[in-house]
Amino acid sequence: MTDAPLPRPVLASGFDIPANVVVVDHPLVQHKLTRLREAATSTAGFRRLTRELSLLLAYEATRDLPLEMEQIETPLEPMTAPKLSGKKLCFVSILRAGNGILDGMLDLVPAARVGHIGLYRDPKTLQPVEYYVKLPEDMAERVCIAVDPMLATGHSAAAAIERLKRSGANAIVFVCLLSVPEGLRTLCAAHPDVKIVTASIDRELDGHGYIRPGLGDAGDRLFGTR
Ligand SMILES: O=P(O)(O)OC[C@H]1O[C@H](OP(=O)(O)OP(=O)(O)O)[C@H](O)[C@@H]1O
Ligand SMILES: O=c1cc[nH]c(=O)[nH]1
Ligand SMILES: [Mg+2]
């Protein structure tokens, strides 16, 4: 045993975690997140780690899905067993970095429906600019899991969720890898009904709206564009 400080997924001090925010502190998640943050991690490694992390976060994001019972036959006897009830889940990727998380989620729930919301953050104003939306028609009848690796100012996530609600969605979970107190406050104030699943609450935003210590630009690291 060493006296090294225990690893903590909450790097922000003095921040009271809102009741609708879940910080996934599982050791595998924290280990993979550390590898993901490292500047030396290659594009291929970043993609693989993001996919693996998404699988683990999906476990938490889908925790409250409704179940119903069905009658089945095991090789030994009949039994009544639980299965997911209702319409198929809908994953919504906030482009483009959300696609890194989407891949992992689809590994776990291959039959899910998929929507896309294209947003980029204007580097000067830090306001989101919408450029593409394609969603399934019956959003009101589906649990919707919106994914984006980064929750920085929170404006992109808040705008994407606003768009989802306009399309009829009313059961929404937001999944990200990194968040900061500022972004969580903004998102919780705009959408207090949305459950947020994150692997870390980082220390702060810097003057350019980047998460610190963070991992850099998630889209650029996933797609090798910089
Ligand atoms: O919380 P915010 O301050 O709004 O910042 C977070 C947004 O910034 C990044 O996207 P970016 O604009 O870089 O687009 P990209 O995914 O195409 O790289 C990230 O993937 C989020 O969508
Ligand atoms: O740190 C940040 C902030 C927003 N978007 C990113 O990709 N990284
Ligand atoms: Mg980007």
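Atoms within a ligand are numbered from 1 in the order they appear, just like the ligands themselves. Heavy atoms only: backbone and side chains are in, while hydrogens, waters and symmetry mates are out.
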Criterion salt bridge (Lys or Arg N to Asp or Glu O under 4.0 Å) on Arg96 and Asp220, from CA distance to verdict: CA-CA 9 Å; Arg96 68 196 154 131; Asp220 284 339; 3.0 Å; yes
Identity of the nearest option to [atom], non-hydrogen atoms only, from [options]:
atom	options	answer
atom 4 (O) of ligand 1	Ser156, Pro128, Ala160	Ser156
atom 12 (O) of ligand 1	His155, Arg121, Arg96	Arg121
atom 14 (O) of ligand 1	Leu126, Leu119, Asp148, Asp217	Leu119

Under 4.0 Å to a heavy atom of [X] - the qualifying atoms of ligand 2, by number:
X	value
Ala152	3 (C), 4 (C)
Arg121	3 (C), 4 (C)
Ala218	6 (C), 7 (O)

Cys188 side chain reached by Asn20 side chain, heavy atoms, under 4.5 Å: yes
Note, Asp138 side chain near Lys87 side chain (heavy atom, < 4.5 Å): yes
Any Gly154 heavy atom less than 4.0 Å from ligand 1: yes
Whether Asp122 side chain and Gln127 backbone form a donor-acceptor pair below 3.5 Å: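 Pair absent, no side-chain N/O of Asp122 close to backbone of Gln127.
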Arg166 atom CZ: more than 12 heavy-atom contacts under 6.0 Å: yes
Within 6.0 Å of CD in Gln71, more than 12 heavy atoms from elsewhere: yes
Within-shell test, Arg212 vs ligand 2, heavy atom, strictly < 4.0 Å: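 Arg212 does not count as a contact of ligand 2 under the 4.0 Å cut-off.
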Quick check: [X] and ligand 1, any N/O pair under 3.5 Å apart?
X	value
Ala152	yes
Tyr131	no
Pro149	no
Ala157	no

Nitrogen or oxygen atoms of [X] and ligand 2 under 3.5 Å apart:
X	answer
Gly216	yes
Ile211	yes
Gly209	no

Rounded distance (nearest 0.5 Å) linking atom CG of Leu106 with atom CG of Leu89: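 Output value for this atom pair is 10.0 Å.
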Value rounded to 0.5 Å, distance of CG in Leu177 from CE in Met150: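 Nearest 0.5 Å value for the CG-CE distance: 7.5 Å.
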Aromatic Tyr210 / basic Arg121 pairing, under 6.0 angstrom, 45° off normal: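 Arg121 over Tyr210 ring: yes.
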Residue pair Arg226, Asp217: steps toward the salt bridge (Lys or Arg N to Asp or Glu O under 4.0 Å) verdict: CA-CA 9 Å; Arg226 227 167 136 189; Asp217 187 297; 5.5 Å; no
